[in-house]
Each structure stands twice: as structure tokens, then as C-alpha cells.
Number of protein chains: 2
Amino acid sequence: MPEGSHLILIVDDEPPIRRFLRASLAAAGYRVVEAESGVSGVKLAARQPPDLVILDLGLPDIDGQEVLVRLREWLAAPILILSARDQEAQKVRALDEGADDYLTKPFGVSELLARIRTAMRHSRPGRTESPVLSIGDLRVDLSARRVLVGEERIALTPIEYKLLVTLMKHSGKVLTHRFLLREVWGPHASQETHYLRVFVAGLRRKLGDDPARSRYIATEQGVGYRFAAE
Amino acid sequence: MPEGSHLILIVDDEPPIRRFLRASLAAAGYRVVEAESGVSGVKLAARQPPDLVILDLGLPDIDGQEVLVRLREWLAAPILILSARDQEAQKVRALDEGADDYLTKPFGVSELLARIRTAMRHSRPGRTESPVLSIGDLRVDLSARRVLVGEERIALTPIEYKLLVTLMKHSGKVLTHRFLLREVWGPHASQETHYLRVFVAGLRRKLGDDPARSRYIATEQGVGYRFAAE
DNA sequence: ATCAACCTTGACGCATTCTTTGCGCCCCAG
DNA sequence: CTGGGGCGCAAAGAATGCGTCAAGGTTGAT
């Protein structure tokens with residue numbers, strides 16, 4: 001399970017617990033940063049925004065509850081509370097201040113990891129709109145892998161599609177034969193310029209383009225091809 | 001805090017616990033519906049989609065875990081698990097299947113209410129999914145796992161069903177072989193494109209679809225499959 | 001133990017796609 | 001005017017992918 005690259009901030013004053021958490025989280029593939037006091041935890045979070053915070057309520061300098069409030073003022077990442085005492089009032093306060101979960105010691109590693117996964121699941125950012133390349137009346141919906149000329153849907157083969165997308169992603173620029181061949185066919189095919197002639201012809205025909213007065217794909221003699229800019 | 005008008009579904013077979021929960025939640029301003037078995041809980045949720053579910057794992061008819069899985073297939077609302085036993089493995093399983101929190105009996109009312117508030121906070125607004133997928137004269141009732149073509153009911157095997165639902169949930173988009181295999185068979189099977197050929201053929205036959213002029217499942221050669229958009 | 005339902009695996013013919021080849025055109029230099 | 005390089009285009013040949021059928025193999029119920 002690749003949970004890697006997520007950054008977790010541990011705020012706890014007891015070295016053995018920090019060591020235990022660090023080892024468990026690292027083994028699960030997370031990156032870990034640590035703070036041993038409330039103020040340093042807030043500072044660290046500001047300098048290096050984590051994807052999740054594990055916060056122990058029993059801190060020496062300022063109240064853990066206060067750390068929670070300060071973090072929540074600006075940090076959207078999930079916050080998991082650890083506590084030695086099983087006091088219901090404290091739980092209610094922490095959860096209502098914006099904590100996402102509350103674990104009472106002692107707890108098992110696998111439960112902790114499962115609750116971390118659950119919390120991470122919640123913080124998924126709103127789905128970004130489907131990216132669409134659009135030039136003139138030609139539209140390419142990358143997430144649906146759909147190509148439209150006006151209202152009409154165009155069927156492209158895998159290589160035709162890849163070539164079109166490469167051209168459109170750099171529209172306006174001249175792309176050399178060499179670059180296009182490496183990008184679409186792979187590094188080994190950088191000499192086979194005749195591939196381009198064949199597939200550019202195919203694309204132009206399907207898009208309804210005329211090489212003499214091109215709307216979309218222009219030929220740059222001796223150099224490569226250029227897709228029309230917006 | 002105006003928590004009013006939120007609807008909570010309680011699934012629990014023990015009348016005293018239901019009574020206790022009903023009273024506590026009603027006092028906090030929630031509307032409550034109850035089911036005393038797994039199947040009736042799923043049915044009730046489909047008829048009257050709740051904003052949150054409280055699910056007891058110890059049910060008489062079907063496994064609570066199974067109820068969780070069935071609900072999660074289409075219900076976006078938070079699900080809180082109650083359990084009498086404090087088994088870590090069970091917690092991990094439930095959380096990874098999509099549960100949002102896990103409480104072990106006995107628990108305090110105020111903690112329960114705080115965890116409900118936290119869970120509600122997480123549920124993104126405007127994601128009221130219908131338990132029925134419908135495209136053309138094909139209808140899939142996710143809550144009952146039933147598939148209808150016109151008026152006729154179609155019997156699908158587990159994998160056929162999962163494949164169909166995956167395709168329909170992303171209808172209009174091209175889904176790559178790799179994506180479908182990981183989604184339906186699991187992460188290990190992402191190479192076995194052979195499976196897809198066999199099961200797509202089975203689905204098309206049962207749905208009365210012709211690969212050449214497909215109504216539902218279109219082939220995108222070299223890439224994957226696409227389910228017809230609405 | 002027997003049977004049925006289901007998933008996996010392999011084989012084969014056919015369709016689509018990719019590669020290769022050849023020819024004619026245009027433009028420009030000689 | 002003439003010849004050659006680069007390009008567009010069409011079509012043949014090779015490779016790959018797809019649909020289909022059917023034979024194991026596994027699992028779970030009776």
C-alpha cells in the first residue's frame with residue numbers, strides 16, 4: 001500500500017512515545033517530523049505544513065487544547081488527538097474544537113494506522129474539474145479521453161491521440177521531429193521521421209484539416225510541426 | 001448549535017440500546033429512523049437516505065461488516081460503528097471498509113454526540129447519491145444489487161456486477177484496462193487484460209449488447225472500455 | 001460425496017492498428 | 001529549366017489486440 005510521501009507531524013513531549021510513533025509511521029511509509037512542545041509544534045507546522053497532525057494533549061508548556069485551537073485557525077489537515085486520560089469532557093472539547101479523532105492510550109499500532117487512513121480519506125480536496133485542452137472548435141477532454149470537433153466526436157487510435165495531445169500541450173510552439181518522435185513513440189524512434197508524415201496526415205484527415213491552409217497542424221519545413229495557438 | 005433536521009439511521013437489534021440512542025439523539029435535535037436488522041437497514045437507507053448511520057456490528061441476520069460494505073457502495077454519509085467487543089482487527093477492518101469512526105461500548109452520550117458532530121463536519125455537502133444508476137433502459141439498484149434491462153431482471157455474477165457498476169459510475173469516460181482490473185480484481189491483477197475480454201463479453205451477452213454497434217459498452221482499442229453516457 | 005456456479009486459462013479467427021514502401025508534388029538552388 | 005530534398009498520401013504487409021468458445025479448476029451448497 002503506497003501511503004508514502006504524506007507528511008505527518010508528531011507533537012509529543014515524551015521521547016519514548018515519539019520514538020514509538022516515528023518507527024511505526026516510517027514503517028508504514030509516511031514521512032515524519034517531530035516537535036516536543038506546543039509552541040515548537042505550531043511553528044514547525046507553519047514552516048512545513050503537514051498532511052496530518054498527531055497531537056498529545058499532555059504537553060509541558062502550553063495546553064494541548066490551545067495548540068489544537070491555534071492549528072485549526074489555518075491548518076486544514078486532519079488532527080488526531082492522543083491522551084493518557086479517558087475523560088469524556090476533554091474528548092468532547094477536543095472534537096468540537098476541530099480535532100478529527102481522539103485516541104486514548106494505550107492503543108495498538110494497527111488501529112492508529114487505520115484511523116490515520118480514515119482521517120486522510122476525509123481530507124481529500126474537492127475534485128478538480130476535468131482538464132480540457134481547447135483550441136478553436138477542437139476540444140480534448142483528457143480525463144474522458146474524448147476528442148470533439150465542434151459537436152462531433154472523433155475516434156482516434158492510441159498513437160494519433162498521443163500525438164494530438166502532445167501537439168496541443170505545446171500549442172503555438174514549433175516541435176521538432178526529434179522531440180515528437182521521442183515523446184510519442186519513445187527514445188529509440190527519434191530518427192523515424194516518416195512515422196510523423198503518416199500520422200500527421202491521418203490526424204489532419206480526421207480533424208478535417210488541409211495542409212495547405214491548415215487550421216490546426218502547420219508544417220515547419222525541415223524542422224517539425226506546430227499546433228495553432230489559441 | 002442547530003443540529004436540527006439531520007436524519008440519523010440506527011441499525012441495532014437490541015431494543016434497549018435503540019431506545020437509549022433514539023432518546024439521546026432526539027434530545028439533541030436529530031430526526032431518527034431505526035432498523036433492527038441488516039437487510040432492513042439497507043432497505044431503509046435506500047428509501048430514505050440518512051445524513052449519518054449508526055451501525056451495531058453484532059446483528060442477527062447478516063454480518064455487520066457486510067452491511068457496512070453494502071452501504072458504502074453508494075452511500076456517501078458518515079457511518080459510525082458500535083461494537084461490544086474491543087477487537088483491534090475488527091476496528092481496522094471496519095475503518096478500512098469505509099467506516100468513519102468506531103466506538104466501543106460502553107460509551108458516554110456526550111462523546112457520541114461529539115463524534116457525530118465531527119463526522120457530520122467531514123461529510124461534504126451536495127453529494128446526495130442516488131442508490132440507483134440508470135442509463136437508457138438499463139437500471140442498477142445499488143442497495144439491492146439488482147440489475148434491470150427494461151422490465152426484465154438480469155442475473156449477474158459478483159465480478160460481472162462489480163465490473164458493470166464500475167463502468168456505469170464513470171459512464172462517458174474511457175476506463176483503461178489497468179484501472180478496471182485494479183478496481184474489480186484488485187491491485188495485483190492489473191496486467192491480466194485477458195479477464196476483461198472474457199467478462200465484458202459475458203456482460204454484453206447478458207445485457208443484449210453487440211460489440212460492433214454497442215448500446216452500452218464500447219471498446220476503445222488498445223486503451224480500455226467506455227460505458228455509454230446518458 | 002456430489003453437484004452447480006463461478007473464475008481462470010488457453011486457443012483460434014478476425015479486426016484494427018502500426019509499420020513499411022513507393023510515388024507524385026512543391027519549393028528552391030543550381 | 002532542371003534536379004533533389006522534404007513532404008503528403010495511399011496502400012500493402014506485419015504485428016497486435018479483441019471477441020468467442022470451451023476446457024480445467026476452485027469454491028461452496030446440498
Side-chain angles (χ1 to χ4, degrees), chain A residues 145 147 154-167 174-186 188-227, chain B residues 62-63 66 145 147 154-164 166-167 174-186 188-227:
Chain A
R145 200 185 178 280
V147 180
I154 306 292
L156 296 182
T157 70
I159 288 190
E160 287 169 346
Y161 180 80
K162 211 169 172 185
L163 177 58
L164 176 63
V165 169
T166 304
L167 285 166
V174 177
L175 304 181
T176 63
H177 298 139
R178 186 191 172 77
F179 174 82
L180 285 170
L181 286 164
R182 294 175 87 93
E183 201 73 10
V184 176
W185 278 266
H188 57 281
S190 61
Q191 310 289 354
E192 322 280 320
T193 57
H194 57 280
Y195 288 0
L196 284 174
R197 289 207 289 281
V198 174
F199 279 85
V200 167
L203 264 183
R204 292 209 256 230
R205 185 165 39 77
K206 288 190 178 178
L207 301 182
D209 204 9
D210 176 19
R213 284 190 310 280
S214 74
R215 280 189 299 167
Y216 303 121
I217 304 176
T219 303
E220 296 284 336
Q221 287 258 21
V223 184
Y225 294 91
R226 176 174 49 82
F227 203 90
Chain B
I62 52 176
D63 188 15
E66 179 64 19
R145 292 185 177 228
V147 180
I154 304 293
L156 295 183
T157 71
I159 287 190
E160 287 170 345
Y161 177 81
K162 211 168 172 185
L163 178 59
L164 176 63
T166 304
L167 285 165
V174 176
L175 305 181
T176 63
H177 298 138
R178 187 193 170 79
F179 175 83
L180 286 169
L181 287 164
R182 293 175 85 93
E183 201 74 8
V184 176
W185 278 266
H188 57 281
S190 62
Q191 310 286 359
E192 321 281 323
T193 58
H194 203 107
Y195 293 177
L196 283 174
R197 290 209 285 280
V198 175
F199 279 84
V200 167
L203 265 182
R204 292 210 255 229
R205 186 163 37 78
K206 290 188 179 179
L207 301 181
D209 205 7
D210 175 20
R213 280 191 308 281
S214 70
R215 280 188 301 167
Y216 302 121
I217 303 175
T219 303
E220 296 279 337
Q221 279 226 187
V223 184
Y225 293 91
R226 175 173 48 83
F227 203 89

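The chains referred to below are lettered A, B, ... by the order of the sequence lines, with proteins before strands, and numbering in each begins at 1. Heavy-atom basis, side chains included; hydrogens, waters and symmetry copies ignored.
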**OP:** Take the protein atom CD of Glu192(A) and the nucleotide atom P of dC18(C), then report the distance between them rounded to whole Å.
**Re:** 15 Å

Subject >> Ring-face cation of Arg145(A) near Tyr161(A) (centre distance under 6.0 Å, axis angle within 45°) >> reply: yes

**OP:** Check the distance between dT17(C)'s C1' and Tyr195(A)'s OH and give it to me in whole angstrom.
**Re:** 13 Å

Original post:
Under 4.0 Å: is that the gap between some side-chain N or O of Thr157(A) and OP1 or OP2 of dC18(C)?
Top reply: yes

Original post:
Between the main-chain N or O of Asp210(B) and the side-chain N or O of Ser214(B), is there a donor-acceptor pair closer than 3.5 Å?
Top reply: no

**OP:** Would you mind reading off the distance between Ile159(A) atom CD1 and dA15(D) atom P, rounded to a whole angstrom?
**Re:** 15 Å

Subject >> Nearest-angstrom distance from the residue atom NZ of Lys162(B) to C1' of dC6(C) >> reply: 15 Å

Original post:
Looking only at heavy atoms, which two atoms of Phe227(B) and Leu167(B) are closest? And how far apart?
Top reply: CB-O, 3.6 Å

**OP:** Would you kindly give the CG-to-C1' distance between Leu181(B) and dT8(C), to the nearest whole Å?
**Re:** 13 Å

Subject >> Distance, rounded to the nearest Å, where Tyr161(A) contributes OH and dT17(C) contributes P >> reply: 16 Å

**OP:** Answer with base, sugar-phosphate or nothing: what part of the nucleic acid does Val198(A) contact at a heavy-atom distance below 4.0 Å?
**Re:** base

Original post:
Which is true for Thr193(A) with a 4.0 Å heavy-atom rule: it touches a base, it touches only sugar-phosphate, or it touches nothing?
Top reply: nothing

Original post:
If every non-hydrogen atom of Glu192(B) is compared with every non-hydrogen atom of Leu181(B), which pair is closest and at what distance?
Top reply: O-CD2, 3.4 Å

Original post:
Side-chain N or O of Arg197(A) less than 4.0 angstrom from OP1 or OP2 on dG6(D)?
Top reply: no

**OP:** Please report the shortest heavy-atom distance between Val174(A) and Arg226(A), naming the atom on each side.
**Re:** CG2-CD, 3.8 Å

Subject >> Atom-pair distance (CD on Glu160(A); P on dC9(D)), nearest Å >> reply: 14 Å

**OP:** Considering just the side-chain nitrogens and oxygens of Tyr225(A), establish if one lies under 4.0 Å of OP1 or OP2 belonging to dG6(D).
**Re:** no

**OP:** Go through dT20(D), dC18(C), dT17(C) for me and flag the one nearest to the Phe199(A) side chain.
**Re:** dC18(C)

Original post:
Think His194(A) has a side-chain N or O under 4.0 angstrom from the OP1 or OP2 of dG22(C)?
Top reply: no

Subject >> Gln191(B) CD - dT8(C) P separation (whole Å) >> reply: 16 Å

**OP:** Please state whether the phosphate of dC7(C), meaning OP1 or OP2, lies under 4.0 angstrom from any side-chain nitrogen or oxygen of Trp185(B).
**Re:** no

